[in-house]
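Here's the structure we're looking at; comments come further down.
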There are 2 protein chains.
Amino acid sequence: MAGRTQAERSDETTGRLVRAARRLFGARGYAPTSIDAVAAAAGVTKGAAYHHFGGKVALFRAAFVRELEEVSAALERAAGAEQEPMAALRRGCRTFLEHCLDPGFRQIVLLDAPSVLSWETVRAIEHDHLLRVLHDGLRVAVAGGQAADGDLPVRARLVFGALCEGGMLLARSQDPAADLPRLAAEADRFLEALRR
Amino acid sequence: MAGRTQAERSDETTGRLVRAARRLFGARGYAPTSIDAVAAAAGVTKGAAYHHFGGKVALFRAAFVRELEEVSAALERAAGAEQEPMAALRRGCRTFLEHCLDPGFRQIVLLDAPSVLSWETVRAIEHDHLLRVLHDGLRVAVAGGQAADGDLPVRARLVFGALCEGGMLLARSQDPAADLPRLAAEADRFLEALRR
DNA sequence: CTAGTTACGTACTCTCAGTATGAAACATGG
DNA sequence: CCATGTTTCATACTGAGAGTACGTAACTAG
């Protein structure tokens, strides 16, 4: 393990810590997961965690950001596969609902984040990732004349709120594969409301 | 303080505890509020709290239920003042958004509850109060032929999710009185989507 | 009036977040 | 290559707070 640069050491350790944080915070939730447990799962001690992160909240925040980066990438990929703006929106919504089947994502992003981080913080981070994708999709639809004009940031936020609840419902279903289309149908109904 | 029955003593103490819990949990949030602080604010000690409630979570749950009872009553009152089913729905949504201006409600119900209690628990309690009102409103609208048929429990949940996000947005606004109509307009647009 | 139950208060334990403090591993000027 | 920072961690400690054990006072039942 000798001969590595400081940046390499840091990246290695922070990477391991964030990965472990996502696993443990995602599996057991924020409160019952000790920072020692995360450090141990990462193969280091608490000292390393407190050196690289300000505290437990900062470590959680890093895991949260990582979750959002992943889902945003998946959304952009899915929406990019459609040409029609409204079809892209529907596809993106469906992809988000599917992503909610991941228990870690639900626990970190949908359940714990608003409580652990302030709502302002969550909103800001979500805006930079998830909401930006949704907002862009809406803007394209409006520009193309396929959706009615209005307060797009607010509209994106409302759609997002509905999708989060839908994701939790889907995850709770005993047969998600069967319920996804039904849920997507109700969600599409709301998207249809935006047609001019 | 002598000569009271046991039931009176219990009711007095639990009432004071739940009121104090709503105040402190609502103002500072769940995690940074110690159970000793709640007990002190209620004029008792930790022993009383642990005697009447299973623990900190159970005390929070009682405060959460109380919040939901209040908002549900407000919703039923508001919706009951309208004859038209769709108008009652719009009125109820607007009332809910206004209720979100209460910081304690936001902190307890919208931010902390999903993290502190399990989602199953939150959903069950919300179903017995808030969601029941919304669901009934939707059912009346469908029965009257004013709204399209569909999966009403799911639809109610989606609307509820959108309203929660809207409530947080409204609270964050520096001029809620001015933003409420704009927000309600976007919310109404989604309700319009349900028209057959 | 006495035995039993309920409603607390007090004093403890134990976990865990956060804080030194020091020792390695690197970096940098000579 | 050496000496002196600087960064990266590990280890030992502190404090706060959730939960528990136990004792005592207030009610209840016979």
Side-chain angles (χ1 to χ4, degrees), chain A residues 1-21 23-25 27-64 108 112-113 115-118 121, chain B residues 1-21 23-25 27-64 108 112-113 115-118 121:
Chain A
M1 278 300 188
R4 292 185 308 171
T5 182
Q6 296 277 54
E8 284 171 344
R9 284 216 301 170
S10 287
D11 290 353
E12 166 83 15
T13 303
T14 56
R16 296 169 71 90
L17 278 170
V18 172
R19 267 193 301 274
R23 274 220 321 276
L24 297 190
F25 286 150
R28 311 175 199 172
Y30 178 79
T33 301
S34 74
I35 209 165
D36 291 277
V38 174
V44 294
T45 66
K46 198 200 301 205
Y50 275 95
H51 176 73
H52 289 288
F53 299 92
K56 195 183 179 186
V57 171
L59 186 52
F60 176 83
R61 182 195 163 108
F64 174 66
I108 293 177
D112 282 338
S115 177
V116 174
L117 314 169
S118 76
T121 304
Chain B
M1 281 300 190
R4 291 184 309 171
T5 182
Q6 296 278 55
E8 284 171 343
R9 286 216 300 170
S10 285
D11 289 354
E12 166 82 15
T13 303
T14 55
R16 295 169 71 90
L17 278 170
V18 172
R19 266 193 301 275
R23 274 219 321 279
L24 297 190
F25 286 150
R28 309 177 200 172
Y30 177 78
T33 301
S34 74
I35 210 166
D36 292 275
V38 173
V44 295
T45 65
K46 198 197 306 204
Y50 275 96
H51 177 70
H52 290 288
F53 299 92
K56 195 183 179 186
V57 170
L59 185 52
F60 176 84
R61 182 194 163 109
F64 173 66
I108 293 176
D112 282 338
S115 177
V116 174
L117 314 168
S118 77
T121 304

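Model, not experiment: these values are computed from the prediction. Heavy atoms only: backbone and side chains are in, while hydrogens, waters and symmetry mates are out. By convention in this document, chain letters (A, B, ...) are assigned in the order of the sequence lines, proteins followed by strands, and residues within each chain are numbered from 1.
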**Message:** Can you measure A:E12 atom CD to D:dT8 atom P for me and round it to whole angstrom units?
**Reply:** 14 Å
**Fill in**
Sorted by chain and number, sequence neighbours left out, salt bridge (charged side-chain N to carboxylate O under 4.0 Å, His left out) with A:D11 holds for none
**Request:** Please determine if a side-chain N or O atom of A:H51 lies less than 4.0 Å away from the OP1 or OP2 oxygen of D:dC9.
**Result:** no
**Asked** Among C:dC26, D:dT8, D:dG19, which is the nearest nucleotide to the side chain of A:H52?
**Response** D:dT8
**Asked** Between C:dA7 and B:T13, is there an OP1 or OP2 to side-chain N/O distance shorter than 4.0 Å?
**Response** no
**Request:** For residues A:F64 and A:D112, determine if any side-chain heavy atom of one lies less than 4.5 Å from a side-chain heavy atom of the other.
**Result:** no
**Prompt:** Which nucleotide sits closest to the side chain of B:R4: D:dC27, C:dA27, C:dT19?
**Reply:** D:dC27
**Fill in**
Ordered by number, residues from residues 28-44 of chain A within less than 4.0 Å of DNA chain C (heavy atoms) are A:T33, A:S34, A:I35
**Request:** Grab the NZ-P distance between A:K46 and C:dA20 for me, whole Å please.
**Result:** 14 Å
**Asked** Side chain of A:T5, backbone of A:E8: donor and acceptor closer than 3.5 Å?
**Response** no
**Prompt:** Taking only side-chain nitrogens and oxygens of B:T45, does any of them come within less than 4.0 Å of OP1 or OP2 of C:dC8?
**Reply:** no
**Message:** Does A:K56 qualify as a cation-pi partner of A:F25, given the criterion of NZ or CZ under 6.0 Å from the six-membered ring centre and within 45 degrees of its axis?
**Reply:** no
**Item:** Phosphate-side-chain proximity, B:T5 and D:dT28, N/O vs OP1/OP2 below 4.0 Å
**Value:** yes
**Prompt:** What integer distance in Å separates A:Q6:CD from C:dA27:C1'?
**Reply:** 7 Å
**Asked** The side chain of B:A48 lies closest to which of these nucleotides: D:dG19, C:dG9, C:dA25?
**Response** C:dG9
**Request:** Measure from NZ on A:K56 to C1' on C:dT19 and round the result to the nearest Å.
**Result:** 17 Å
